[in-house]
2 protein chains.
Amino acid sequence: MSIDVGARLRSVRLSFGLSQRELARRAGVTNGLISLIEQNRVSPSVSSLKKVLDGVPMALAEFFTLDLSVAPQAFFGADELVELGNPEVSLRLVAAQRAGRQLTLLHQRIAAGAATGEDKPGQRGEEAGVVIRGRIELTVGGAMRVLGPGEAYYFASHLPHRFRNVGREACEIISACTPPTF
Amino acid sequence: MSIDVGARLRSVRLSFGLSQRELARRAGVTNGLISLIEQNRVSPSVSSLKKVLDGVPMALAEFFTLDLSVAPQAFFGADELVELGNPEVSLRLVAAQRAGRQLTLLHQRIAAGAATGEDKPGQRGEEAGVVIRGRIELTVGGAMRVLGPGEAYYFASHLPHRFRNVGREACEIISACTPPTF
DNA sequence: CCCTCTCGTCTAAGATCCTAAACACCATGA
DNA sequence: TCATGGTGTTTAGGATCTTAGACGAGAGGG
């Protein structure tokens, strides 16, 4: 075939965050058919492929136009994040190689006692994050607070800000900023 | 279905001037299948539709992108040609409204005694035509000749040229030029 | 007239698609 | 530990696609 309808369909389905059963329900077909198509075990009829794509929804022309080689990667394993920081303050970037990225998502790990330096000012974007492990002392403008797991922050990047791990264990944070600075 | 694969395929096949059997031979399928698909009696599998389109050839994406509602009109009644000239020198254009047209086909009618003015120079295309009725005196560069029914001409548009009807009846010519100037 | 060629259509039989249901696996939670 | 609910996969059988071949219609040519 060389078209690889299966890979295309799987790619489309995952990019919409659907399970085989959920897509099948929306499309009015069975989950087994989705599975068989994605494995290229069958070549679907145009009518059933159309039914499936209607569940997304996506037009047939768009489906066949998809360029899988440059299809945006939707999922990243832990080891696929790109390390930008140092052993003390680790910054691991999601979708680093993606062109035209609109935001930056980081998995940060700040060792006990470590701190980030004052960021250069002049950035106009915004920054936000959620602490997932440990505790972090965050200073934004004149305010300071210690955040623990489940707590979060959100501020304009131009404000002076500083992270400092005052606890005894490493602190992990998932943070996002826009526009992308990396 | 609302996609009408059958009409699309028939349209594509005819636009390539192929019979069902000829297309089937090129595609490696049977003529019966082409017939059934074109009648929408079956919805072909993607793999067999791809085989069929490979015989044209045309990509699946292009096939589904075809907009039948604006499908290029293939036939034009005499009253569907668009009049561009004047009563003395009538220029009736074929497929006037077609976007992206690559050439211009005209049905010209030049009244007895009438003549076309010297065309503006600087055109790089070519021009050709066949006289179907009456007689026309055509001057191209330094050469001149009178053409009657069945006779034809072909010259580069940048050469100075002039048509003059020296007979007593109107002269009709079918002419083409490229690139389109109208 | 027949003969031959090509056209698109139709039909029975074989190949493939599609469904319904079961399966194995992995989480989460009682 | 067992139950529950999620995932993707597999399989038998019915539905559909596809083929091979026959059919009828129309267009020349002898």
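These numbers come from a predicted model, not from an experiment. Here is how names work: the chains are called A, B, and so on, in the same order as the sequence lines, proteins then strands, and each is numbered from 1.
B:Glu22 is linked by a side-chain hydrogen bond (donor to acceptor under 3.5 Å, both in side chains) to B:Arg25, B:Arg26, counting only residues two or more places apart in sequence or in another chain. Taking the salt bridge (charged side-chain N to carboxylate O under 4.0 Å, His left out) definition, one finds that B:Arg21 meets it with nothing, sequence neighbours left out.
For the pair A:Ile34 CD1 and D:dT7 C1', the interatomic distance rounds to 14 Å; values are reported in whole Å. The separation between B:Arg10 atom CZ and C:dC7 atom P is 14 Å, rounded to whole Å. Between B:Asn40 atom CG and D:dT16 atom P there is a gap of 15 Å when expressed in whole angstrom units. Distance A:Arg25 CZ to D:dG8 C1': 18 Å, rounded to the nearest Å. Atoms CG (B:Leu18) and P (C:dC7) sit 10 Å apart, rounded to a whole Å. Between B:Leu23 atom CG and D:dT18 atom C1' there is a gap of 15 Å when expressed in whole angstrom units. Straight-line distance from the CD atom of B:Gln20 to the P atom of C:dC7: 9 Å, rounded to whole Å.
Taking each heavy atom of B:Asn165 and B:Ile110 in turn, the nearest pair found is ND2-O, 2.9 Å. A:Leu18 and A:Arg13 get closest at one heavy-atom pair: O-NH1, 2.9 Å.
Between the side chain of A:Arg21 and the base of D:dG8 there is at least one donor-acceptor pair of N/O atoms closer than 3.5 Å. Between the side chain of A:Asn31 and the base of D:dT7, no donor-acceptor pair of N or O atoms lies under 3.5 Å.
Distances were taken from every side-chain heavy atom of A:Lys51 (C-beta onward) to each of C:dC7, D:dT18, C:dT19; the shortest belongs to C:dT19. Of the listed nucleotides (C:dT9, D:dT9, C:dT19), C:dT19 has the atom at the smallest distance from the side chain of A:Thr30. Comparing D:dT18, C:dT9, C:dT19 by their closest approach to the side chain of A:Val29 singles out C:dT19. Proximity note for A:Gln39 (side chain, C-beta onward) versus D:dT19, C:dT9, D:dT10: the nearest is D:dT10. Side-chain proximity of B:Leu33 to C:dG8, D:dG8, D:dT19: nearest is D:dT19.
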For nucleotides 11-16 of chain C, tabulate all protein N/O to nucleotide N/O atom pairs closer than 3.5 Å, reporting atom names and distance.
none

* Quick one: do B:Val166 and B:Arg135 satisfy side-chain contact (heavy atoms from CB on, under 4.5 Å)? Show the steps, please. => CA-CA 7 Å; B:Val166 294; B:Arg135 301 176 68 78; 5.5 Å; no
* To do: For the pair B:Glu38 and B:Arg8, evaluate side-chain contact (heavy atoms from CB on, under 4.5 Å) and give the outcome as yes or no after the intermediate values.
  => CA-CA 8 Å; B:Glu38 290 190 353; B:Arg8 292 179 118 81; over 6 Å; no
* To do: Give the intermediate values and the outcome of side-chain contact (heavy atoms from CB on, under 4.5 Å) for residues A:Val56 and A:Phe63.
  => CA-CA 11 Å; A:Val56 173; A:Phe63 179 77; over 6 Å; no
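Nearest-nucleotide positions on DNA chain C for B:Glu22 and A:Leu49 put B:Glu22 closer to the 5' end. Along DNA chain C, the nucleotide closest to B:Ser35 and the one closest to A:Ile37 are compared, and the more 5′ of them pairs with B:Ser35.
Residue contacts shown for A:Glu38 are absent, as no nucleic acid heavy atom lies under 4.0 Å away.
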